Amino acid sequence: MIRIPSKRVLVPTECSPQSEEAIQQALEMVEFPGDITVLHVAPPLEAYSVADPAIVWEAVSDKTRRARLEAAFREQGDQRWRQEVDFQVVFGYPAEEIAAFSEQHHFDMILMPSHGRTGLRRLFVGSVAERVVRSAHCPVLVLRD
């Protein structure tokens, strides 16, 4: 694996096995786990049904969702790196938020998985990785399944 000394790497995650593999690859590429930021993009509250009781009664907020997502990430395993990497949550649409976050925080590279969708699934679902590659300010390394 290629080593990239003193570079800041952004690794988007949607908590899938592919995302975990991307984090592992990033850990092998950098000198320190602290050089990695793992970013989770959660859907905005507006994307949920207006009739959802948690939203109607304001039992769910971005603050509580952010705290729960970070706790779940940190507690997912006993690996020390889970405490050492930076974990961030933003709300919005993945491709746009990943590209904007990487530019705002001056990352040197984005390392992300591709789910390898083809045909109609790709046409209708689209490729977040492809949109990030097109709009990112820095190099993007896409890992294929």
Side-chain angles (χ1 to χ4, degrees), residues 1-49 52 54-55 58-145:
M1 179 56 67
I2 299 169
R3 282 279 222 205
I4 51 171
S6 65
K7 297 288 184 181
R8 297 185 62 232
V9 179
L10 179 64
V11 183
T13 182
E14 75 282 351
C15 306
S16 68
Q18 293 90 350
S19 294
E20 287 295 312
E21 179 60 29
I23 295 168
Q24 291 301 319
Q25 293 291 326
L27 287 164
E28 291 178 18
M29 295 174 77
V30 299
E31 291 185 48
F32 307 104
D35 291 335
I36 297 171
T37 296
V38 176
L39 177 68
H40 180 77
V41 181
L45 283 175
E46 305 87 59
Y48 293 99
S49 168
D52 187 323
I55 293 174
E58 297 180 359
V60 174
S61 68
D62 287 344
K63 183 179 179 181
T64 57
R65 291 191 317 152
R66 180 177 281 114
R68 288 179 185 157
L69 286 163
E70 181 168 1
F73 175 80
R74 301 276 185 213
E75 297 167 3
Q76 190 172 8
D78 60 356
Q79 304 97 336
R80 193 174 115 208
W81 64 261
R82 285 195 182 277
Q83 304 308 317
E84 296 175 1
V85 301
D86 182 30
F87 181 80
Q88 297 290 321
V89 176
V90 296
F91 301 96
Y93 300 95
E96 293 82 4
E97 294 298 331
I98 293 165
F101 189 90
S102 71
E103 188 168 5
Q104 290 167 358
H105 297 278
H106 311 287
F107 283 93
D108 299 302
M109 183 174 79
I110 301 170
L111 191 151
M112 62 187 302
S114 170
H115 295 290
R117 292 185 184 103
T118 58
L120 289 176
R121 288 190 70 196
R122 181 169 178 186
L123 179 64
F124 291 117
V125 176
S127 169
V128 171
E130 183 179 326
R131 289 195 299 270
V132 170
V133 166
R134 290 176 189 258
S135 60
H137 79 289
C138 62
V140 180
L141 177 58
V142 179
L143 301 175
R144 301 273 324 247
D145 281 343

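All values derive from a computational prediction rather than experimental measurement.
Salt bridge annotation for R82-E20: present, with a cationic side-chain nitrogen under 4.0 angstrom from a carboxylate oxygen. By the 4.0 Å N-to-carboxylate-O rule, R80 lies close enough to E84 to be salt-bridged with it.
When atom types are taken as modelled, the side chain of R8 and the backbone of G34 share no donor-acceptor pair closer than 3.5 angstrom. In this structure, the side chain of Q83 engages the main chain of R74 through a donor-acceptor pair within 3.5 Å. A donor-acceptor pair is defined here as one N or O able to donate and one able to accept, closer than 3.5 Å; such a pair exists between the side chain of R66 and the backbone of V89. Using modelled atom types, no side-chain atom of T13 and backbone atom of V38 make a donor-acceptor pair closer than 3.5 Å. A donor-acceptor distance shorter than 3.5 angstrom exists from the side chain of R65 to the backbone of P43, with no hydrogens or angles considered.
The closest side-chain heavy-atom distance from P33 to L27 is below 4.5 Å. Between T37 and F107, the closest side-chain pair of non-hydrogen atoms falls below 4.5 Å. Side-chain contact between V85 and F73 is present, with heavy atoms from C-beta onward closer than 4.5 Å. Proximity of M109 to M29: side-chain heavy atoms (C-beta onward) are separated by under 4.5 Å at one or more points.
To the nearest 0.5 Å, atoms CD (E70) and CD (E75) are separated by 10.0 Å.
The two residues E14 and S19 make their nearest non-hydrogen contact at OE1-OG, 3.0 Å. When all heavy atoms of S114 and V142 are compared, the pair lying nearest together is CB-CG1, 3.4 Å. Closest approach of V41 to Y93, counting heavy atoms only: CG1-C, 4.0 Å. Across all their heavy atoms, P113 and P12 have their closest contact at CD-O, 4.1 Å.
Residues passing the side chain to side chain contact (heavy atoms under 4.5 Å, CB included) test with A99 are S135, sequence neighbours excluded.
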Apply the test side-chain contact (heavy atoms from CB on, under 4.5 Å) to residues Q24 and W81: give CA-CA distance (whole Å), side-chain angles for both, the deciding distance (0.1 Å), then the verdict.
CA-CA 10 Å; Q24 291 301 319; W81 64 261; 3.4 Å; yes
Let's go through E21 and Q25 carefully: what are the C-alpha distance in whole Å and the side-chain angles of both, what is the deciding distance for side chain to side chain donor-acceptor pair (under 3.5 Å) to 0.1 Å, and is it a yes or a no?
CA-CA 6 Å; E21 179 60 29; Q25 293 291 326; 2.7 Å; yes
Hey, mind stepping through V140 and M112 against side-chain contact (heavy atoms from CB on, under 4.5 Å) and telling me if it holds?
CA-CA 8 Å; V140 180; M112 62 187 302; 4.3 Å; yes
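Shown are L111, D86, I36, L39; of these, the side-chain contact (heavy atoms from CB on, under 4.5 Å) with L10 is made only by L39.
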